[in-house]
Amino acid sequence: MNKGGPGGGGPTAAAAASVAQKQKTLLQKVEGDIANIVDNFSYIVNVARVNDPPVRNSQEAFMMETRAARMVQAADSLLKLVSDLKQTAIFSGFASLNDHVEQRRIAFNQLAEKTDHTLSMIGEKAAASLKELESNYSSSAQKTIQEIQP
């Protein structure tokens with residue numbers, strides 16, 4: 001499949017670079033979402049104390065709900081990222097499998113060509129040897145004796 005030559009370019013090199021870039025982007029998103037979850041959880045734990053003024057408690061409750069919603073969103077984003085990473089791993093696995101199949105096909109084609117060449121050389125040598133044997137037989141004394149005897 002890689003028809004880019006010995007320089008390493010071509011469709012599979014570009015696809016591999018694209019996959020690597022996509023994985024890097026996804027991993028950065030994972031780190032951001034995890035940091036978001038940790039920050040929001042830390043805030044919820046710090047605010048979870050009970051205060052006397054009811055207004056302050058309701059404000060803190062609202063902030064806790066908001067932070068919890070952000071945590072849920074970050075967790076949902078992580079689940080989507082995990083799915084994307086799985087798909088990337090599967091598809092990049094198929095790409096490497098296709099590359100391996102292509103390499104094996106090329107190797108087998110080269111082996112078939114080598115085998116054909118070897119068989120043709122063996123055939124030429126056998127034909128030359130047979131011609132030499134016929135020549136030697138036709139000029140031999142054994143043939144002359146067999147022709148004389150009925």
Side-chain angles (χ1 to χ4, degrees), residues 1-49 60-150:
M1 293 242 166
N2 188 353
K3 303 200 183 346
T12 55
S18 173
V19 167
Q21 180 61 34
K22 184 175 181 179
Q23 285 179 341
K24 183 179 177 183
T25 303
L26 291 174
L27 290 175
Q28 288 173 346
K29 287 181 182 179
V30 167
E31 290 173 1
D33 286 342
I34 290 174
N36 189 1
I37 289 173
V38 169
D39 290 343
N40 287 318
F41 185 75
S42 298
Y43 180 82
I44 290 172
V45 169
N46 288 335
V47 175
R49 63 185 185 283
E60 289 176 350
F62 176 73
M63 286 302 294
M64 289 173 66
E65 288 177 16
T66 305
R67 295 290 180 137
R70 289 183 188 167
M71 286 177 60
V72 169
Q73 288 173 347
D76 186 49
S77 176
L78 280 175
L79 288 174
K80 288 178 185 174
L81 286 172
V82 167
S83 175
D84 287 346
L85 286 172
K86 285 180 182 179
Q87 287 178 354
T88 301
I90 288 171
F91 292 135
S92 68
F94 283 140
S96 66
L97 181 61
N98 287 340
D99 287 343
H100 178 70
V101 167
E102 183 67 16
Q103 289 171 357
R104 295 288 289 177
R105 187 190 66 78
I106 290 169
F108 285 138
N109 283 343
Q110 290 172 348
L111 185 60
E113 289 174 10
K114 185 178 176 183
T115 303
D116 288 344
H117 179 68
T118 303
L119 287 174
S120 107
M121 288 185 61
I122 290 172
E124 290 172 6
K125 286 181 182 179
S129 295
L130 186 57
K131 197 175 226 182
E132 184 182 342
L133 286 172
E134 286 176 351
S135 171
N136 287 339
Y137 176 71
S138 62
S139 64
S140 73
Q142 185 70 21
K143 180 181 177 192
T144 312
I145 294 173
Q146 285 181 353
E147 288 177 354
I148 296 174
Q149 294 176 351

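- In this structure, the separation between CE on Met64 and CG on Asn46 is 10.5 Å, given to the nearest 0.5 Å.
- When atom types are taken as modelled, the side chain of Asn40 and the backbone of Asn36 share a donor-acceptor pair closer than 3.5 angstrom.
- Put simply, the side chain of Ser135 never gets that close to the backbone of Lys131: no donor and acceptor are under 3.5 Å apart.
- Judged as a side chain to side chain contact (heavy atoms under 4.5 Å, CB included), and not counting sequence neighbours, the contacts of Thr66 are Phe62, Arg70.
- Of the options Gln103, Arg104, Gln110, a side chain to side chain contact (heavy atoms under 4.5 Å, CB included) to Ile106 is made by Gln110 and by none of the others.
- Within the 4.5 Å cutoff, the side chain of Arg67 has no heavy atoms near those of the Phe41 side chain.
- Ion pair Arg105/Glu102 flagged as a salt bridge, since at least one NZ, NE, NH1 or NH2 atom sits closer than 4.0 Å to an Asp/Glu carboxylate oxygen.
- Atoms CD and CD1, on Glu31 and Ile34 in that order, are 7.5 Å from each other to the nearest 0.5 Å.
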Pair up each side-chain donor or acceptor in residues 117-126 with any protein partner under 3.5 Å, not counting sequence neighbours, and list the distances.
residue : atom : partner : partner atom : Å
Thr118  : OG1  : Lys114  : O            : 2.9
Ser120  : OG   : His117  : O            : 3.4

Please set out all donor-acceptor pairs under 3.5 angstrom arising from side-chain atoms of residues 74-82, sequence neighbours excluded.
residue : atom : partner : partner atom : Å
Ser77   : OG   : Asp33   : OD2          : 2.5

